[in-house]
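See below for the structure under consideration.
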Amino acid sequence: MKDDTILRGQAHRDTAHDSAAKHVTGRAEYTDDLNEPHGLVHAYLGLSQCAHGTITAMDFSETLAHPGVIGVLTAKDIPGINDVSANGKKDDPIFAEETVHFWGQPVFAVIAETRDQARRAAHKAQITYDALPHALDPIAARDAGRGYVTEPLTLRRGDADQGMAAAPRRISGRFAIGGQDHFYLEGQIAMAVPGEDDDMTINVSTQHPSEVQHMVAHALKVPSHSVIVNVRRMGGGFGGKETQMNLFACVAAIAARRWKRAVKIRPDRDDDMIATGKRHDFVVDYEVGFDDTGKIRAVQGDWCARCGFSSDLSGPVTDRALFHADNAYFYPDVRVSSHPMKTNTVSNTAFRGFGGPQGVIVAERMIEEIAYALGCDPLEIRRANLYENGQLTPYHQEVNDQILPRILDELEAGSDYQARRQAVLDWNAKGGVIRKGIAMTPVKFGISFTATWFNQAGALVHIYSDGSIMLNHGGTEMGQGLNTKVAQVVAEAFQCDIARVKITKTTTEKVPNTSATAASSGTDLNGMAALDAADQIKARLVAFVAERWQVAPDAVQFVPNHVMAGDTAIPFTEVIAAAYMARVNLSAAGHYKTPKIHWDRSTGRGRPFYYYAYGAAVSEVSVDTLTGEYVIDRTDVLHDVGRSLNPAIDKGQVEGAFVQGAGWLTTEELWWDDKGRLRTHAPSTYKVPLASDRPRVFNVKLVAWSEAAERTIKRSKAVGEPPFMLGISVFEAINMAVASMADYREPARLDAPATPERVLMAVDRLRG
């Protein structure tokens, strides 16, 4: 018999993901698995075949003649605003009108009885263009005077020019950092179902239901209350479904309104990759001044980004690249600037880390440069420049929760770093074809949306008369375990088994004005909102129990599956049934806003982050100098998640983030031809890491002693983005292996990603 005095699924314990069994058995329902309404039809996008040009003619006669085709949508068929820009700049049309700005820009949509009919018919359209000059990369765009897609930013503290001039040593360089496709397993998809009056229900794979609601309402020219957006789960997002799904939801809704039938749109993987934004690639010019001990004296740099034809989220992404240009290191005098360049490519967007990785890796490149110049272990330079509590970042936020020295000490000892580094040096000294490298890299990552108003969340909790609990919040589940963690918070608040808590789909019907599930803040925000709702109900129950059982309110306690009224233990279900009969309100809407944060972009000063998450990784690699191929022999990770809400889920997030980060820097390469066509648009040409690419030995641990200094949800810390940057340790280790070809006299200076081709070219260059 089950012991109801033992709590199951409380916070800070390993608890299975609520949908884990459904995932592995195929029973989990995604948007494409929902029952299709009677009469549903399908939409398919027609994409431009020109990188930049004026549309001179559109002929849809063959398209309309194709079997099953109902009609074609173009910009003139949009009843409201032809725009899905996430920032209100009105620079991101649903359908191109007079001009196309990148190869693959949506120009029209075909509506047909079946998806195959719509897809085939879309390819029969005849569109002609007068070609215009195009610029594909950020340097070409800068040289062509294309300008910015959004306002740039400069962060400064001290006098970088004076500090640089006074530094005993200086190094400058240029670093090209590649982008990355999200490659979510479930592609973009939306299904729109028209209702009575102006009502429209959208089932969509999105990280930001409220933004979809807003965009669809504007496209249909209706108030937001007429649009309902539902999300049960996503098959991955990684930032690619924060803004990019707006287009698909709007196309489905416009078609559903036009033909008064349910409409589904699901692009092929190729078209998904061509038409949707990616991680921003950057070209960074940097200069670092330092002394003979390796201490950094001054830093200045320019982050030039390929943003695409519209602004999308390029402003905050390029801002965050600067926020993390210091990574874990104090720069006494610093000036760093962003250059969000307008290019004739798809508009790049959010991706795990949100620009942070492109800042962090430049900091690590500078550390590496200093170490090679001084002939010492880069770890020595990293330790020498770590922030101390009380020091200010380039954006003038004080660091006051620094724990990296202890993390590095534990990881260095636990991974046997020093002995292994010496073994690597001894191996390479023999000369052979296979060269080895090892590197330890830290990360310090700020947590919060830099758009301060996004740092809020809502939740709705109902307790039904049988004692079962319904939980709804504004966050979205994309496989990361958010729903499970928030359910653990509610279960622990009521001291009941987690099986009693039912997590429902995210819907704008229940929680309004939600923020995107992004910036690693999903659990922080929604967990606190759910706890607020639970606490409201608990306060009512305490007052009720105190009155009914004639005890003082402070004698009422929630214990596993019971409520104590003095010395009397009443089963939770009995308390709830009695409270219902006594007309106690058993429902509450919770809300939370992150305290203490503020940011003034005009001055480049503030406290944009509530706290920092920390971590470190040691990676060892072997490089074949005849082919440029390499393997990750071993990785050891020690990562800080505060007081983990669910160690099993958090450890999985760290493992996945590390592999995805390593993939960004090694195998995942985006390549456009000279006509502006993305050529890496399918699994056959775009190489995500395979299971065989993971480290041969992979040791991942969470920092057992850490606890968030700020009042986060049960003193846990965010885990989604920070460990992504630990993959930089692989990139640094590859650089060391290549540098051994010249006896470490100079660094390899590999651009990212370090594909085998780039590695081989660097080997040949250093070999002389």
Item to check | Residue pair Gln402, Glu388: steps toward the side-chain hydrogen bond (donor to acceptor under 3.5 Å, both in side chains) verdict | outcome: CA-CA 7 Å; Gln402 170 68 289; Glu388 297 176 4; over 6 Å; no
Next on the checklist: Quick check: closest heavy atoms across Ile177 and Val362, and the distance to 0.1 Å?
Outcome noted: CD1-CG2, 3.8 Å
Next on the checklist: For Thr441 and Arg382, which I'm curious about, is there any donor-acceptor pair between the side chains at under 3.5 Å?
Outcome noted: no
Checklist entry - Has the side chain of Ser338 got a donor or acceptor atom that lies under 3.5 Å from a matching backbone atom of Pro340? => result no
Checklist entry - Side chains of Thr712 and Glu710: is there a donor and an acceptor less than 3.5 Å apart? => result no
Item to check | His681 vs Trp671, side-chain contact (heavy atoms from CB on, under 4.5 Å): CA-CA, chis, key distance, verdict | outcome: CA-CA 9 Å; His681 55 73; Trp671 188 78; over 6 Å; no
Checklist entry - Side-chain donor-acceptor pair under 3.5 Å between Glu721 and Ser520, yes or no? => result yes
Item to check | Heavy-atom closest contact (Phe449 atom, Ala516 atom, distance) | outcome: CZ-O, 3.3 Å
Next on the checklist: Assess the residue pair Glu412 and Arg383 against the criterion (salt bridge (charged side-chain N to carboxylate O under 4.0 Å, His left out)); give the C-alpha distance rounded to whole Å, side-chain angles, the decisive distance to 0.1 Å, and a yes or no.
Outcome noted: CA-CA 12 Å; Glu412 182 178 357; Arg383 286 186 178 278; 2.6 Å; yes
Item to check | Residues forming a side chain to side chain contact (heavy atoms under 4.5 Å, CB included) with Pro753, sequence neighbours excluded | outcome: Glu669, Thr755, Arg758
Next on the checklist: Would Val659 and Phe698 count as a side-chain contact (heavy atoms from CB on, under 4.5 Å) here? Give the steps.
Outcome noted: CA-CA 10 Å; Val659 171; Phe698 197 15; 4.2 Å; yes
Next on the checklist: Can you tell whether the side chains of Arg306 and Asp137 come within less than 4.0 Å, N to carboxylate O?
Outcome noted: no
Next on the checklist: Could you walk me through whether Glu368 and Arg365 satisfy the salt bridge (charged side-chain N to carboxylate O under 4.0 Å, His left out) test, starting with their C-alpha distance in whole Å, then the side-chain angles of each, then the deciding distance to 0.1 Å, before giving a yes or no?
Outcome noted: CA-CA 5 Å; Glu368 179 189 76; Arg365 168 58 55 88; 3.5 Å; yes
Checklist entry - Okay, side chain of Asp377, backbone of Leu379: is any donor-acceptor separation there less than 3.5 Å? => result yes
Next on the checklist: Determine whether a donor-acceptor pair (N or O, by modelled atom type, separation under 3.5 Å) exists between the side chain of Ser19 and the backbone of His23.
Outcome noted: no
Checklist entry - Hey, are the side chains of Pro683 and Arg269 touching, using non-hydrogen atoms and a 4.5 Å cut-off? => result yes
Checklist entry - Is the backbone N or O of Asn400 less than 3.5 Å from a side-chain atom of Tyr612, with the two atoms forming a donor-acceptor pair by type? => result no
Checklist entry - Ile381 and Phe290: side-chain contact (heavy atoms from CB on, under 4.5 Å), yes or no, with the steps? => result CA-CA 11 Å; Ile381 308 303; Phe290 57 102; over 6 Å; no
Item to check | Check: Arg435 side chain, Ser622 main-chain N or O, donor-acceptor pair, under 3.5 Å | outcome: no
Item to check | Geometric cation-pi criterion Lys241 and Tyr184, 6.0 Å radius, 45° cone | outcome: yes
Next on the checklist: Distance alone, cut at 3.5 Å: any donor-acceptor contact between the side chains of Gln422 and Trp427?
Outcome noted: no
Checklist entry - Any Lys/Arg nitrogen of Asp633 or Arg696 sitting under 4.0 Å from an Asp/Glu carboxylate oxygen of the other? => result no
Checklist entry - Can you tell me if Glu668 and Gln180 form a side-chain donor-acceptor pair at under 3.5 Å? => result yes
Next on the checklist: salt bridge (charged side-chain N to carboxylate O under 4.0 Å, His left out) for Asp416 and Arg634? Distances and angles first, verdict last.
Outcome noted: CA-CA 12 Å; Asp416 202 19; Arg634 175 177 167 181; over 6 Å; no
Checklist entry - Is a donor on one side and an acceptor on the other found under 3.5 Å between the side chain of Arg420 and the backbone of Ser415? => result yes
Checklist entry - Are any side-chain N or O atoms of His12 and backbone N or O atoms of Ser644, one a donor and one an acceptor, separated by less than 3.5 Å? => result yes
Item to check | Check against side-chain hydrogen bond (donor to acceptor under 3.5 Å, both in side chains), His17 and Glu477 | outcome: CA-CA 11 Å; His17 190 295; Glu477 176 63 52; 3.1 Å; yes
Next on the checklist: If the condition is side chain to side chain contact (heavy atoms under 4.5 Å, CB included), which residues does Ala617 pass it with, not counting sequence neighbours?
Outcome noted: Val637, Phe658, Leu726, Ser729
Checklist entry - Can you name the closest pair of heavy atoms from Ala737 and Gly437 and give their distance? => result CB-N, 3.8 Å
Next on the checklist: Between Ser716 and Arg643, does the side-chain hydrogen bond (donor to acceptor under 3.5 Å, both in side chains) criterion hold? Intermediate values first, please.
Outcome noted: CA-CA 4 Å; Ser716 65; Arg643 192 169 176 226; over 6 Å; no
Checklist entry - Does the pair Tyr417 and Val618 meet the rule for a side-chain contact (heavy atoms from CB on, under 4.5 Å), with working shown? => result CA-CA 8 Å; Tyr417 170 80; Val618 177; 3.9 Å; yes
Checklist entry - Considering all heavy atoms of both residues, which atom of Leu750 and which atom of Val738 are nearest to each other, and what is their separation? => result CD1-CG2, 4.4 Å
Item to check | Polar side-chain atom of Arg767 near backbone of Met741 as donor-acceptor pair, under 3.5 Å | outcome: no
Item to check | Candidate pair His324 and Phe354, rule ring-ring contact (aromatic ring centres under 6.0 Å, His included), full reasoning | outcome: CA-CA 10 Å; His324 292 91; Phe354 206 75; over 10 Å; no
Next on the checklist: Could you report the tightest heavy-atom contact between Met736 and Tyr744, atom names first, then the distance?
Outcome noted: O-CE2, 3.7 Å
Item to check | Asp291 side-chain N/O to Gly294 backbone N/O, donor-acceptor pair under 3.5 Å | outcome: yes
Next on the checklist: Go through it in stages, so that I can follow the logic: the residues are Lys701 and Glu410, the test is salt bridge (charged side-chain N to carboxylate O under 4.0 Å, His left out), and I'd like the CA-CA distance, side-chain angles, deciding distance and then a yes or no.
Outcome noted: CA-CA 11 Å; Lys701 293 182 179 179; Glu410 290 189 10; over 6 Å; no
Checklist entry - In terms of ring plane angle, is the pair Phe183 and Tyr686 parallel, tilted or perpendicular, where the classes change at 30° and 60°? => result parallel
Checklist entry - Distance under 6.0 Å and angle within 45° of the ring axis: does Lys444 meet both against Tyr614? => result no
Item to check | Closest non-hydrogen atom pair, Asn385 against Ile296 | outcome: OD1-N, 2.7 Å
Checklist entry - Can you find a side-chain donor-acceptor pair between Asp302 and Tyr286 that sits under 3.5 Å? => result no
Checklist entry - Ring centroid separation for Phe351 and Trp664, is it under 6.0 angstrom? => result no
Next on the checklist: Whether the Asn483 and Asp18 side chains hold a donor-acceptor pair (N or O, under 3.5 Å, no angle test) is what I'd like checked.
Outcome noted: no
Checklist entry - So His280 and Ser314, side-chain hydrogen bond (donor to acceptor under 3.5 Å, both in side chains) or not? Walk me through it. => result CA-CA 8 Å; His280 292 68; Ser314 289; 2.7 Å; yes
Checklist entry - Is the centre of the Tyr395 ring less than 6.0 Å from the centre of the Phe323 ring? => result yes
Checklist entry - Testing Asp14, Val641, Thr15 for side-chain contact (heavy atoms from CB on, under 4.5 Å) with Pro647, which one passes? => result Asp14
Checklist entry - Short question: side chain of His339, backbone of Cys304 - any donor-acceptor pair under 3.5 Å? => result no
Item to check | Sole candidate of Lys278, Arg279, Lys687 that passes salt bridge (Lys or Arg N to Asp or Glu O under 4.0 Å) when paired with Asp181 | outcome: Lys278
Checklist entry - Would you say the side chains of Asp524 and Tyr610 form a donor-acceptor pair under 3.5 Å? => result no
